[in-house]
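Notes to accompany the following structure.
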Amino acid sequence: GAVVSQHPSWVICKSGTSVKIECRSLDFQATTMFWYRQFPKQSLMLMATSNEGSKATYEQGVEKDKFLINHASLTLSTLTVTSAHPEDSSFYICSADQDANLYEQYFGPGTRLTVT
Amino acid sequence: KQEVTQIPAALSVPEGENLVLNCSFTDSAIYNLQWFRQDPGKGLTSLLLIQSSQREQTSGRLNASLDKSSGRSTLYIAASQPGDSATYLCAVAFSGANNLFFGTGTRLTVIP
């Protein structure tokens, strides 16, 4: 149980375009989903926290107009990178809580974004 | 400021050796601490979760300890194998915070 999926697993896009990443909890309902970014050889940095049906809470330094997060249901959250640039190339990982326990998160397999 | 630090950043050991990975955190008021494994280009695999009230957890060849008073946790890997090669991340849930804080990881290489 407690499986989280992400789609796509990797994506290449041209600079200036937008790309959407999906995060799904497959066998449980997630009140809260988290989006992380990981640059090469670095650790995970929390970008934002999204709660179903409400606006996401962004960490300091993360542009909310560039990284659009939608948490429309208890099993799906999406991250849209708008007007992507090469510096947005990174590994994006989502996680989801179970039973509204923010301290026990289940992680997706990640999405590799490359902006050319 | 709540921070998590892992030392060393990288470690190479010959196959069969026992090894210890270290994690330190700045605030002893934690809810839990978790060790993850991450293979190159992949997501996170949870290895062990230690609740605040616990001192250690074991799973197979892995043993994780927790000392809140000193702000430290160790991950002990017995009889290391080449398949253990990966990056190991420590994550702390500080009490009152609404997210996990990750260390920078230790990149382990087990040499056959």
Side-chain angles (χ1 to χ4, degrees), chain A residues 1-11 21 23-26 31-51 54 56-60 62 89-114, chain B residues 1-11 21-25 27 29-54 57 66 68 86-109:
Chain A
V3 178
V4 176
S5 70
Q6 283 185 240
H7 179 82
S9 57
W10 59 271
V11 58
I21 302 170
C23 176
R24 294 182 184 271
S25 56
L26 298 185
T31 307
T32 306
M33 289 185 171
F34 303 83
W35 287 95
Y36 296 83
R37 180 167 52 183
Q38 185 179 34
F39 291 107
K41 297 186 178 181
Q42 296 186 25
S43 192
L44 278 71
M45 297 299 295
L46 181 67
M47 298 176 66
T49 302
S50 73
N51 293 289
S54 62
T57 301
Y58 291 80
E59 294 298 301
Q60 190 173 8
V62 178
S89 298
S90 186
F91 193 56
Y92 292 87
I93 302 178
C94 74
S95 69
D97 70 335
Q98 187 179 32
D99 300 326
N101 185 346
L102 297 175
Y103 297 137
E104 295 189 23
Q105 301 174 23
Y106 298 90
F107 287 80
T111 296
R112 170 73 60 193
L113 169 64
T114 301
Chain B
K1 185 180 179 182
Q2 295 164 325
E3 292 183 344
V4 180
T5 305
Q6 290 184 248
I7 296 173
L11 178 66
L21 306 180
N22 297 293
C23 173
S24 60
F25 45 94
D27 187 347
I30 69 170
Y31 186 83
N32 63 37
L33 182 146
Q34 198 163 359
W35 283 93
F36 293 91
R37 168 184 174 139
Q38 185 176 31
D39 292 289
K42 303 293 184 182
L44 304 181
T45 301
S46 179
L47 298 174
L48 291 165
L49 172 71
I50 310 177
Q51 300 291 354
S52 175
S53 59
Q54 299 173 323
Q57 281 285 337
L66 174 64
K68 288 189 302 179
T87 295
Y88 291 80
L89 293 166
C90 167
V92 176
F94 291 104
S95 297
N98 60 357
N99 58 275
L100 300 179
F101 287 75
F102 281 85
T104 49
T106 294
R107 189 168 62 257
L108 173 66
T109 303

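Protein chains get the first letters and strands the later ones, always in sequence-line order, with residue 1 at the start of each.
- Formation of a donor-acceptor pair under 3.5 Å by the Thr49(A) side chain with backbone atoms of Phe34(A) is not found in this model.
- Distance alone, capped at 3.5 Å, places no donor-acceptor pair between the Gln2(B) side chain and the Asp27(B) backbone.
- Of the listed residues (Pro40(A), Ser95(A), Pro109(A), Gly108(A)), the one with the most heavy-atom contacts under 4.5 Å to chain B is Pro109(A).
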### Query
Stepwise, does the side chain to side chain contact (heavy atoms under 4.5 Å, CB included) test hold for Gln105(A) with Thr32(A)?
CA-CA 9 Å; Gln105(A) 301 174 23; Thr32(A) 306; over 6 Å; no
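- Looking at Phe101(B), there are no atoms closer than 4.5 Å to chain A (heavy atoms on both sides), in backbone or side chain.
- With a threshold of 4.5 angstrom between heavy atoms, Leu44(A) approaches chain B through its backbone and through its side chain.
- No donor-acceptor pair closer than 3.5 Å links the side chain of Ser50(A) to the backbone N or O of Ala56(A).
- With a 4.5 angstrom heavy-atom cutoff, Gln6(A) does not touch chain B via any of its atoms.
- With hydrogens and angles disregarded, no donor-acceptor distance shorter than 3.5 Å links the side chain of Gln38(B) to the backbone of Ser43(A).
- Contacts between Leu89(B) and chain A at a heavy-atom distance below 4.5 Å involve the side chain alone, from C-beta outward.
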